[in-house]
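Atom set for the values below is all heavy atoms of this structure, side chains included, hydrogens, waters and symmetry mates excluded.
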Amino acid sequence: MPVTIRGREEVMRPLLDGNNGYHGQNKNDLVGRVWIESKKLWHIAGPGIFSRISAFSINIITISFAGHLGMASALETLCGQAYGAKRYHMLGIFMQRSWIVQFVTSILLLPLYFFASPILKLLGQPDDVAELSGLLSLWLIPLHFAYAFQFPLVRFLQSQRKAYVSAWVSLFAVTIHIFMSWLFVYKLGVGVIGSAITVSISWWIIDLGLFCYVVCGCCPETWDGFSMEAFSGLWDYFKLSAASGVILEIWYYRILTLMTGKLDNVKIAVSALAVCMNINTWEMMIPLAFFAATGVRVANELGAGNGKAAKFASIVSATTSMIIGLCICTLIMIFHGKLSFLFTSSYDVIQAVDQLILLLAITILLNSIQPILSGVAVGSGWQASVAYINLGCYYVVGLPLGVTLGWVFHLGVGGIWSGMIGGTAVQTLILIIMTMRCDWDMQAEKASLRMRMMATPSSKA
(Lines give C-alpha, C1' and ligand atoms only; values in the text may rest on other atoms or scores of the structure.)
Protein backbone atom coordinates (compact mmCIF):
# COMPACT_ATOMS: atom_id res chain seq x y z
CA MET A 1 0.00 0.00 0.00
CA PRO A 2 1.66 3.28 -1.03
CA VAL A 3 2.48 6.01 1.48
CA THR A 4 0.36 9.13 1.10
CA ILE A 5 2.01 12.53 1.37
CA ARG A 6 -0.01 15.73 1.79
CA GLY A 7 2.29 18.69 1.70
CA ARG A 8 5.40 19.71 3.59
CA GLU A 9 4.01 19.66 7.09
CA GLU A 10 2.80 16.04 6.88
CA VAL A 11 5.89 14.11 5.82
CA MET A 12 4.66 10.55 5.53
CA ARG A 13 1.45 8.96 6.69
CA PRO A 14 1.90 5.49 8.23
CA LEU A 15 -0.47 2.74 7.27
CA LEU A 16 -2.02 2.80 10.72
CA ASP A 17 -2.92 6.48 10.50
CA GLY A 18 -5.75 5.95 8.05
CA ASN A 19 -7.05 9.42 7.20
CA ASN A 20 -5.56 11.08 10.27
CA GLY A 21 -2.25 12.90 10.59
CA TYR A 22 -0.69 16.27 11.39
CA HIS A 23 -2.62 17.78 8.51
CA GLY A 24 -5.81 19.38 9.71
CA GLN A 25 -5.14 18.65 13.40
CA ASN A 26 -5.55 21.20 16.18
CA LYS A 27 -1.98 22.09 17.20
CA ASN A 28 -3.06 22.59 20.81
CA ASP A 29 -4.50 19.11 21.05
CA LEU A 30 -1.47 17.56 22.75
CA VAL A 31 -3.17 14.25 23.45
CA GLY A 32 -4.19 13.91 19.83
CA ARG A 33 -0.71 14.75 18.59
CA VAL A 34 0.86 12.24 20.98
CA TRP A 35 -1.60 9.58 19.78
CA ILE A 36 -0.77 10.27 16.13
CA GLU A 37 2.99 10.27 16.72
CA SER A 38 2.74 7.14 18.86
CA LYS A 39 0.99 5.29 16.02
CA LYS A 40 3.72 6.37 13.61
CA LEU A 41 6.38 5.33 16.12
CA TRP A 42 4.85 1.92 16.91
CA HIS A 43 4.28 1.23 13.23
CA ILE A 44 8.08 1.09 12.99
CA ALA A 45 9.05 0.05 16.53
CA GLY A 46 6.47 -2.72 16.96
CA PRO A 47 7.68 -4.95 14.12
CA GLY A 48 11.21 -3.87 14.99
CA ILE A 49 10.87 -5.15 18.55
CA PHE A 50 9.43 -8.43 17.32
CA SER A 51 12.09 -8.98 14.65
CA ARG A 52 14.97 -7.99 16.94
CA ILE A 53 13.79 -10.23 19.77
CA SER A 54 13.22 -13.08 17.33
CA ALA A 55 16.63 -12.64 15.70
CA PHE A 56 18.45 -12.27 19.01
CA SER A 57 16.50 -15.22 20.36
CA ILE A 58 18.46 -17.27 17.85
CA ASN A 59 21.54 -16.44 19.91
CA ILE A 60 19.69 -16.85 23.21
CA ILE A 61 18.28 -20.25 22.21
CA THR A 62 21.77 -21.38 21.23
CA ILE A 63 23.19 -20.25 24.58
CA SER A 64 20.30 -21.88 26.39
CA PHE A 65 20.82 -25.27 24.74
CA ALA A 66 24.60 -25.11 25.16
CA GLY A 67 24.38 -23.60 28.67
CA HIS A 68 22.50 -26.54 30.07
CA LEU A 69 25.20 -28.86 28.70
CA GLY A 70 27.67 -27.06 31.01
CA MET A 71 28.16 -23.94 29.95
CA ALA A 72 22.96 0.01 14.44
CA SER A 73 24.26 3.63 11.72
CA ALA A 74 24.98 5.64 8.85
CA LEU A 75 22.35 3.99 6.68
CA GLU A 76 19.59 5.02 9.07
CA THR A 77 20.57 8.68 8.74
CA LEU A 78 20.89 8.70 4.96
CA CYS A 79 17.96 6.42 4.07
CA GLY A 80 15.64 8.11 6.54
CA GLN A 81 16.46 11.61 5.36
CA ALA A 82 16.39 10.57 1.69
CA TYR A 83 12.93 9.05 2.15
CA GLY A 84 11.68 12.15 3.93
CA ALA A 85 13.08 14.28 1.09
CA LYS A 86 11.36 11.99 -1.48
CA ARG A 87 14.67 10.94 -3.07
CA TYR A 88 13.40 7.38 -3.06
CA HIS A 89 15.82 5.79 -5.53
CA MET A 90 18.77 6.90 -3.39
CA LEU A 91 17.80 4.38 -0.69
CA GLY A 92 18.92 1.49 -2.88
CA ILE A 93 22.19 3.27 -3.71
CA PHE A 94 22.86 3.97 -0.03
CA MET A 95 22.18 0.33 0.88
CA GLN A 96 24.64 -0.88 -1.75
CA ARG A 97 27.26 1.55 -0.44
CA SER A 98 26.64 0.16 3.02
CA TRP A 99 27.14 -3.41 1.78
CA ILE A 100 30.47 -2.45 0.20
CA VAL A 101 31.73 -0.73 3.35
CA GLN A 102 30.44 -3.51 5.63
CA PHE A 103 31.96 -6.35 3.61
CA VAL A 104 35.34 -4.64 3.22
CA THR A 105 35.39 -3.99 6.97
CA SER A 106 34.41 -7.60 7.65
CA ILE A 107 37.30 -8.85 5.52
CA LEU A 108 39.74 -6.57 7.34
CA LEU A 109 38.52 -7.96 10.68
CA LEU A 110 39.03 -11.62 9.69
CA PRO A 111 42.49 -11.87 11.35
CA LEU A 112 40.75 -11.39 14.71
CA TYR A 113 38.80 -14.60 14.03
CA PHE A 114 41.77 -16.57 12.74
CA PHE A 115 44.05 -15.57 15.61
CA ALA A 116 41.48 -15.36 18.40
CA SER A 117 43.22 -17.94 20.62
CA PRO A 118 46.67 -16.30 20.75
CA ILE A 119 45.10 -12.86 21.10
CA LEU A 120 43.00 -13.97 24.08
CA LYS A 121 46.01 -15.66 25.68
CA LEU A 122 48.00 -12.46 25.20
CA LEU A 123 45.23 -10.57 27.00
CA GLY A 124 45.57 -12.94 29.96
CA GLN A 125 42.61 -15.26 29.42
CA PRO A 126 42.89 -18.89 30.65
CA ASP A 127 44.28 -21.30 28.04
CA ASP A 128 41.18 -23.52 27.95
CA VAL A 129 38.85 -20.54 27.48
CA ALA A 130 41.13 -19.07 24.79
CA GLU A 131 41.39 -22.35 22.87
CA LEU A 132 37.64 -22.99 22.83
CA SER A 133 36.95 -19.36 21.90
CA GLY A 134 39.45 -19.60 19.04
CA LEU A 135 37.78 -22.74 17.71
CA LEU A 136 34.32 -21.20 17.95
CA SER A 137 35.46 -18.01 16.25
CA LEU A 138 36.37 -19.94 13.11
CA TRP A 139 32.91 -21.51 12.93
CA LEU A 140 31.32 -18.09 13.46
CA ILE A 141 32.94 -16.47 10.40
CA PRO A 142 29.78 -17.07 8.28
CA LEU A 143 27.80 -15.27 10.99
CA HIS A 144 30.30 -12.41 10.81
CA PHE A 145 29.44 -11.85 7.14
CA ALA A 146 25.73 -12.46 7.75
CA TYR A 147 25.66 -9.42 10.02
CA ALA A 148 27.35 -7.31 7.35
CA PHE A 149 24.72 -8.32 4.79
CA GLN A 150 21.66 -8.15 7.02
CA PHE A 151 21.94 -4.86 8.88
CA PRO A 152 21.80 -2.68 5.72
CA LEU A 153 18.74 -4.63 4.55
CA VAL A 154 16.96 -4.07 7.87
CA ARG A 155 17.77 -0.33 7.92
CA PHE A 156 16.71 -0.01 4.27
CA LEU A 157 13.29 -1.51 5.01
CA GLN A 158 12.79 0.33 8.30
CA SER A 159 13.41 3.73 6.73
CA GLN A 160 10.43 3.21 4.39
CA ARG A 161 8.07 1.82 7.03
CA LYS A 162 8.46 -1.85 6.09
CA ALA A 163 9.75 -3.17 9.40
CA TYR A 164 7.00 -5.81 9.39
CA VAL A 165 8.94 -7.72 6.71
CA SER A 166 11.85 -8.26 9.10
CA ALA A 167 9.40 -9.40 11.77
CA TRP A 168 7.87 -12.16 9.64
CA VAL A 169 11.21 -13.36 8.27
CA SER A 170 12.71 -13.42 11.77
CA LEU A 171 9.77 -15.42 13.11
CA PHE A 172 10.32 -18.03 10.41
CA ALA A 173 14.07 -18.16 11.11
CA VAL A 174 13.73 -18.52 14.88
CA THR A 175 11.24 -21.37 14.41
CA ILE A 176 13.72 -23.22 12.22
CA HIS A 177 16.51 -22.43 14.67
CA ILE A 178 14.75 -24.05 17.63
CA PHE A 179 14.53 -27.31 15.72
CA MET A 180 18.14 -27.11 14.48
CA SER A 181 19.46 -26.38 17.98
CA TRP A 182 17.66 -29.40 19.39
CA LEU A 183 18.91 -31.57 16.50
CA PHE A 184 22.57 -30.49 16.56
CA VAL A 185 23.08 -30.19 20.33
CA TYR A 186 20.97 -33.00 21.78
CA LYS A 187 20.40 -35.52 19.01
CA LEU A 188 23.67 -35.29 17.06
CA GLY A 189 25.73 -34.36 20.13
CA VAL A 190 28.01 -31.87 18.36
CA GLY A 191 27.96 -29.45 21.30
CA VAL A 192 28.94 -25.80 21.02
CA ILE A 193 30.31 -26.24 17.49
CA GLY A 194 26.86 -27.38 16.39
CA SER A 195 25.40 -24.34 18.14
CA ALA A 196 27.70 -22.05 16.17
CA ILE A 197 26.66 -23.72 12.93
CA THR A 198 22.95 -23.34 13.68
CA VAL A 199 23.37 -19.65 14.51
CA SER A 200 25.07 -18.95 11.19
CA ILE A 201 22.47 -20.90 9.20
CA SER A 202 19.58 -19.13 10.92
CA TRP A 203 20.99 -15.64 10.35
CA TRP A 204 21.59 -16.40 6.67
CA ILE A 205 17.97 -17.57 6.39
CA ILE A 206 16.96 -14.07 7.54
CA ASP A 207 19.39 -12.49 5.08
CA LEU A 208 18.12 -14.44 2.10
CA GLY A 209 14.49 -13.81 3.01
CA LEU A 210 14.98 -10.03 3.25
CA PHE A 211 17.12 -9.93 0.10
CA CYS A 212 14.52 -11.82 -1.93
CA TYR A 213 11.82 -9.43 -0.72
CA VAL A 214 13.84 -6.40 -1.83
CA VAL A 215 15.04 -7.60 -5.25
CA CYS A 216 11.84 -9.38 -6.33
CA GLY A 217 9.87 -6.20 -6.94
CA CYS A 218 8.45 -5.46 -3.50
CA CYS A 219 10.31 -2.13 -3.24
CA PRO A 220 9.78 -0.63 -6.72
CA GLU A 221 10.37 2.99 -5.70
CA THR A 222 13.54 2.42 -3.72
CA TRP A 223 15.26 -0.51 -5.47
CA ASP A 224 16.29 -0.06 -9.11
CA GLY A 225 18.79 -2.91 -9.15
CA PHE A 226 22.53 -2.96 -8.64
CA SER A 227 24.32 0.19 -9.79
CA MET A 228 27.90 1.41 -10.18
CA GLU A 229 26.76 4.61 -8.48
CA ALA A 230 27.14 2.73 -5.19
CA PHE A 231 30.92 3.00 -5.54
CA SER A 232 30.83 6.82 -5.48
CA GLY A 233 31.06 8.73 -2.21
CA LEU A 234 32.33 5.69 -0.31
CA TRP A 235 34.80 7.65 1.84
CA ASP A 236 32.14 10.05 3.16
CA TYR A 237 29.87 7.09 3.82
CA PHE A 238 32.67 5.22 5.59
CA LYS A 239 33.35 8.15 7.93
CA LEU A 240 29.69 8.32 8.92
CA SER A 241 29.57 4.52 9.35
CA ALA A 242 32.71 4.47 11.49
CA ALA A 243 31.24 7.11 13.78
CA SER A 244 28.01 5.09 13.99
CA GLY A 245 29.99 2.03 15.11
CA VAL A 246 31.57 3.94 17.97
CA ILE A 247 28.12 5.08 19.15
CA LEU A 248 27.22 1.54 20.20
CA GLU A 249 28.34 0.56 23.70
CA ILE A 250 28.53 -3.10 22.68
CA TRP A 251 32.31 -2.64 22.45
CA TYR A 252 32.40 -1.83 26.13
CA TYR A 253 30.42 -4.95 26.99
CA ARG A 254 33.06 -7.05 25.24
CA ILE A 255 35.83 -5.33 27.17
CA LEU A 256 33.89 -6.01 30.38
CA THR A 257 33.94 -9.72 29.60
CA LEU A 258 37.68 -9.65 28.99
CA MET A 259 38.24 -7.78 32.26
CA THR A 260 36.10 -10.29 34.14
CA GLY A 261 38.22 -13.08 32.67
CA LYS A 262 41.15 -11.92 34.80
CA LEU A 263 39.27 -12.14 38.11
CA ASP A 264 39.54 -14.97 40.61
CA ASN A 265 37.17 -17.88 40.02
CA VAL A 266 37.00 -16.81 36.39
CA LYS A 267 34.53 -19.41 35.11
CA ILE A 268 31.80 -18.45 37.59
CA ALA A 269 32.47 -14.72 37.09
CA VAL A 270 32.39 -14.88 33.28
CA SER A 271 29.34 -17.16 33.27
CA ALA A 272 27.39 -14.88 35.65
CA LEU A 273 28.26 -11.79 33.64
CA ALA A 274 27.38 -13.59 30.40
CA VAL A 275 23.94 -14.52 31.76
CA CYS A 276 23.28 -10.93 32.87
CA MET A 277 24.56 -9.48 29.59
CA ASN A 278 22.33 -11.81 27.60
CA ILE A 279 19.27 -10.89 29.67
CA ASN A 280 20.21 -7.24 29.26
CA THR A 281 20.80 -7.57 25.53
CA TRP A 282 17.60 -9.53 25.01
CA GLU A 283 15.61 -6.81 26.77
CA MET A 284 17.59 -4.16 24.94
CA MET A 285 16.03 -5.30 21.68
CA ILE A 286 13.04 -3.17 22.76
CA PRO A 287 14.90 0.16 23.22
CA LEU A 288 17.03 -0.69 20.17
CA ALA A 289 13.83 -0.99 18.15
CA PHE A 290 12.87 2.45 19.48
CA PHE A 291 16.40 3.60 18.64
CA ALA A 292 15.79 2.59 15.02
CA ALA A 293 12.24 3.96 14.97
CA THR A 294 13.37 7.27 16.47
CA GLY A 295 16.15 7.53 13.92
CA VAL A 296 13.67 6.91 11.10
CA ARG A 297 11.05 9.37 12.42
CA VAL A 298 13.62 12.11 13.11
CA ALA A 299 15.37 11.57 9.77
CA ASN A 300 12.06 11.51 7.86
CA GLU A 301 10.90 14.77 9.40
CA LEU A 302 14.25 16.51 9.03
CA GLY A 303 14.54 15.31 5.45
CA ALA A 304 11.17 16.93 4.76
CA GLY A 305 12.29 20.16 6.47
CA ASN A 306 10.02 19.76 9.53
CA GLY A 307 12.25 20.35 12.54
CA LYS A 308 9.46 20.78 15.11
CA ALA A 309 7.90 17.43 14.16
CA ALA A 310 11.31 15.78 14.60
CA LYS A 311 11.56 17.22 18.12
CA PHE A 312 8.08 16.01 19.00
CA ALA A 313 8.83 12.53 17.69
CA SER A 314 11.92 12.40 19.91
CA ILE A 315 9.95 13.32 23.04
CA VAL A 316 7.21 10.75 22.40
CA SER A 317 9.72 7.98 21.69
CA ALA A 318 11.87 8.70 24.76
CA THR A 319 8.83 8.82 27.06
CA THR A 320 7.37 5.58 25.68
CA SER A 321 10.65 3.67 25.98
CA MET A 322 11.27 4.91 29.52
CA ILE A 323 7.83 3.73 30.68
CA ILE A 324 8.50 0.28 29.19
CA GLY A 325 11.93 0.21 30.86
CA LEU A 326 10.43 0.96 34.27
CA CYS A 327 7.94 -1.88 33.86
CA ILE A 328 10.68 -4.36 32.89
CA CYS A 329 12.89 -3.28 35.79
CA THR A 330 10.03 -3.98 38.16
CA LEU A 331 9.50 -7.46 36.70
CA ILE A 332 13.23 -8.26 36.94
CA MET A 333 13.33 -7.31 40.62
CA ILE A 334 10.24 -9.45 41.29
CA PHE A 335 11.45 -12.57 39.42
CA HIS A 336 15.18 -12.16 40.02
CA GLY A 337 15.63 -15.62 41.46
CA LYS A 338 14.23 -17.41 38.41
CA LEU A 339 15.82 -15.62 35.45
CA SER A 340 19.08 -17.59 35.47
CA PHE A 341 17.37 -20.95 34.91
CA LEU A 342 16.84 -19.98 31.29
CA PHE A 343 20.59 -20.14 30.67
CA THR A 344 22.20 -22.49 33.15
CA SER A 345 21.64 -25.29 35.66
CA SER A 346 24.73 -24.41 37.72
CA TYR A 347 23.80 -23.42 41.28
CA ASP A 348 26.98 -21.34 41.70
CA VAL A 349 26.28 -19.34 38.54
CA ILE A 350 22.64 -18.81 39.56
CA GLN A 351 23.76 -17.45 42.93
CA ALA A 352 26.33 -15.17 41.29
CA VAL A 353 23.70 -13.80 38.90
CA ASP A 354 21.31 -13.12 41.77
CA GLN A 355 23.96 -10.92 43.40
CA LEU A 356 24.15 -8.81 40.23
CA ILE A 357 20.42 -8.37 39.70
CA LEU A 358 20.23 -4.79 41.05
CA LEU A 359 22.97 -3.69 38.66
CA LEU A 360 21.09 -5.41 35.84
CA ALA A 361 17.91 -3.49 36.69
CA ILE A 362 19.75 -0.15 36.79
CA THR A 363 21.43 -0.90 33.47
CA ILE A 364 18.09 -1.74 31.85
CA LEU A 365 16.58 1.51 33.13
CA LEU A 366 19.45 3.58 31.72
CA ASN A 367 19.30 1.64 28.46
CA SER A 368 15.64 2.51 28.08
CA ILE A 369 16.68 6.16 27.64
CA GLN A 370 20.17 6.23 26.15
CA PRO A 371 19.46 4.36 22.86
CA ILE A 372 16.55 6.68 22.05
CA LEU A 373 18.84 9.69 22.47
CA SER A 374 21.35 7.94 20.23
CA GLY A 375 18.50 7.40 17.75
CA VAL A 376 17.94 11.15 17.72
CA ALA A 377 21.65 11.56 17.00
CA VAL A 378 21.54 9.03 14.15
CA GLY A 379 18.45 10.59 12.62
CA SER A 380 20.07 14.02 12.82
CA GLY A 381 23.47 12.90 11.56
CA TRP A 382 25.37 13.70 14.78
CA GLN A 383 27.32 10.44 14.71
CA ALA A 384 30.76 12.05 14.82
CA SER A 385 29.99 14.21 17.86
CA VAL A 386 28.30 11.37 19.74
CA ALA A 387 31.21 9.07 18.90
CA TYR A 388 33.59 11.35 20.81
CA ILE A 389 31.13 11.52 23.71
CA ASN A 390 30.91 7.73 23.87
CA LEU A 391 34.67 7.29 23.72
CA GLY A 392 35.06 9.70 26.62
CA CYS A 393 32.22 8.31 28.73
CA TYR A 394 33.07 4.63 28.34
CA TYR A 395 36.85 4.66 28.12
CA VAL A 396 37.78 7.74 30.15
CA VAL A 397 35.07 7.44 32.81
CA GLY A 398 33.56 3.93 32.72
CA LEU A 399 36.60 1.75 32.08
CA PRO A 400 38.95 3.31 34.69
CA LEU A 401 36.12 3.35 37.21
CA GLY A 402 35.39 -0.31 36.54
CA VAL A 403 39.07 -1.26 36.89
CA THR A 404 39.32 0.67 40.15
CA LEU A 405 36.18 -0.80 41.70
CA GLY A 406 36.71 -4.32 40.38
CA TRP A 407 40.42 -4.83 41.00
CA VAL A 408 41.67 -2.12 43.37
CA PHE A 409 38.70 -2.32 45.75
CA HIS A 410 38.17 -6.04 45.02
CA LEU A 411 34.48 -5.68 44.21
CA GLY A 412 34.76 -8.21 41.39
CA VAL A 413 32.18 -8.37 38.60
CA GLY A 414 29.88 -5.94 40.41
CA GLY A 415 32.62 -3.33 40.58
CA ILE A 416 33.51 -3.69 36.90
CA TRP A 417 29.86 -3.47 35.91
CA SER A 418 29.33 -0.42 38.15
CA GLY A 419 32.00 1.35 36.14
CA MET A 420 30.01 0.69 32.99
CA ILE A 421 26.89 2.08 34.63
CA GLY A 422 28.80 5.23 35.57
CA GLY A 423 29.93 5.72 31.98
CA THR A 424 26.41 5.15 30.65
CA ALA A 425 24.92 7.61 33.16
CA VAL A 426 27.36 10.36 32.13
CA GLN A 427 26.72 9.63 28.45
CA THR A 428 22.95 9.77 28.94
CA LEU A 429 23.16 13.10 30.76
CA ILE A 430 25.26 14.66 28.00
CA LEU A 431 22.91 13.40 25.28
CA ILE A 432 19.90 14.80 27.17
CA ILE A 433 21.56 18.22 27.30
CA MET A 434 22.46 18.04 23.59
CA THR A 435 18.91 17.10 22.63
CA MET A 436 17.34 19.81 24.79
CA ARG A 437 19.61 22.50 23.33
CA CYS A 438 19.18 21.38 19.72
CA ASP A 439 18.08 23.92 17.10
CA TRP A 440 15.75 21.68 15.11
CA ASP A 441 15.16 24.13 12.27
CA MET A 442 18.91 24.28 11.72
CA GLN A 443 19.06 20.47 11.74
CA ALA A 444 16.40 20.41 9.00
CA GLU A 445 18.56 22.74 6.89
CA LYS A 446 21.60 20.52 7.47
CA ALA A 447 19.62 17.46 6.41
CA SER A 448 18.71 19.16 3.14
CA LEU A 449 22.37 20.05 2.56
CA ARG A 450 23.47 16.49 3.35
CA MET A 451 21.09 15.07 0.77
CA ARG A 452 22.50 17.39 -1.89
CA MET A 453 26.06 16.39 -0.99
CA MET A 454 25.48 12.64 -0.74
CA ALA A 455 23.21 12.32 -3.77
CA THR A 456 24.68 11.11 -7.03
CA PRO A 457 24.68 13.41 -10.07
CA SER A 458 21.64 11.70 -11.56
CA SER A 459 19.62 12.29 -8.41
CA LYS A 460 20.26 16.00 -8.39
CA ALA A 461 18.45 16.59 -11.62
Side-chain angles (χ1 to χ4, degrees), residues 72-74 76-77 80 239-256 280-281 284 286-299 301-302 307 310-326 329 359 361-405 416-444 446-447 450:
S73 68
E76 287 170 306
T77 302
K239 289 188 293 184
L240 195 59
S241 295
S244 300
V246 177
I247 285 179
L248 299 177
E249 64 270 17
I250 190 170
W251 299 99
Y252 189 72
Y253 286 130
R254 300 301 174 258
I255 293 176
L256 273 180
N280 177 56
T281 308
M284 200 172 178
I286 297 175
L288 281 179
F290 279 99
F291 160 84
T294 305
V296 170
R297 289 292 303 127
V298 170
E301 300 290 2
L302 291 180
K311 176 182 179 180
F312 189 72
S314 304
I315 295 172
V316 172
S317 181
T319 303
T320 304
S321 181
M322 187 170 62
I323 292 173
I324 294 174
L326 284 169
C329 283
L359 295 177
I362 295 172
T363 301
I364 287 175
L365 183 60
L366 284 174
N367 284 342
S368 69
I369 306 171
Q370 181 270 333
I372 283 68
L373 299 174
S374 293
V376 175
V378 168
S380 305
W382 302 342
Q383 282 94 327
S385 298
V386 177
Y388 288 116
I389 293 172
N390 284 13
L391 287 172
C393 291
Y394 287 121
Y395 304 109
V396 177
V397 177
L399 194 58
L401 182 60
V403 170
T404 302
L405 294 175
I416 296 174
W417 196 348
S418 297
M420 181 197 71
I421 291 175
T424 304
V426 174
Q427 178 204 26
T428 303
L429 179 61
I430 294 174
L431 290 177
I432 289 174
I433 294 172
M434 284 181 60
T435 304
M436 292 177 63
R437 297 181 61 183
C438 174
D439 184 336
W440 291 99
D441 291 331
M442 182 182 295
Q443 294 302 319
K446 288 182 177 180
R450 182 178 295 112

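Of all heavy-atom pairs between Gly325 and Ile364, the closest is O-CG2, 4.4 Å. The two residues Ser418 and Leu359 have their closest heavy-atom pair at OG-CD2, 3.7 Å. Here the closest non-hydrogen pair linking Leu431 and Ser374 is CD1-OG, 3.9 Å.
To the nearest 0.5 Å, the span separating CD on Gln427 from CE on Met420 amounts to 11.0 Å. Atom CE of Met322 sits about 14.0 Å away from atom CG of Asn367, to the nearest 0.5 Å. Distance CD1/Ile389 to OG1/Thr428: 11.0 Å, rounded to 0.5 Å. Interatomic distance, Cys438 SG to Ile433 CD1, rounded to the nearest 0.5 Å: 14.0 Å. The CZ atom of Arg297 lies 13.0 Å from the CZ atom of Phe290; values are rounded to the nearest 0.5 Å. Note that CG of Leu366 is 10.0 Å distant from CG of Asn280, once rounded to the nearest 0.5 Å.
Side-chain contact between Leu326 and Cys329 is absent, with no heavy atoms from C-beta onward closer than 4.5 Å. Counting only heavy atoms from C-beta outward, the side chains of Ile324 and Ile286 approach each other to under 4.5 Å. Taking the side chain as every heavy atom from C-beta outward, Phe291 and Gln370 never approach each other to under 4.5 Å. Between Cys393 and Ile430, the closest side-chain pair of non-hydrogen atoms falls below 4.5 Å. Tyr395 has its side chain out of reach of Asn390: every pair of non-hydrogen atoms, C-beta onward, lies at least 4.5 Å apart.
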Full working for side-chain contact (heavy atoms from CB on, under 4.5 Å) between Leu405 and Ile416: CA-CA 6 Å; Leu405 294 175; Ile416 296 174; over 6 Å; no
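Looking at residues two or more places apart in sequence or on another chain, you find no side-chain hydrogen bond (donor to acceptor under 3.5 Å, both in side chains) involving Ser380. Shown here are the salt bridge (charged side-chain N to carboxylate O under 4.0 Å, His left out) partners of Asp441, two or more places apart in sequence or in another chain: Lys308.
Counting only residues at least two apart or in different chains, side-chain hydrogen bond (donor to acceptor under 3.5 Å, both in side chains) contacts with residues 314-325 comprise Thr294-Ser317.
Under 3.5 Å, the side chains of Glu301 and Trp440 contain no donor-acceptor pair of N or O atoms.
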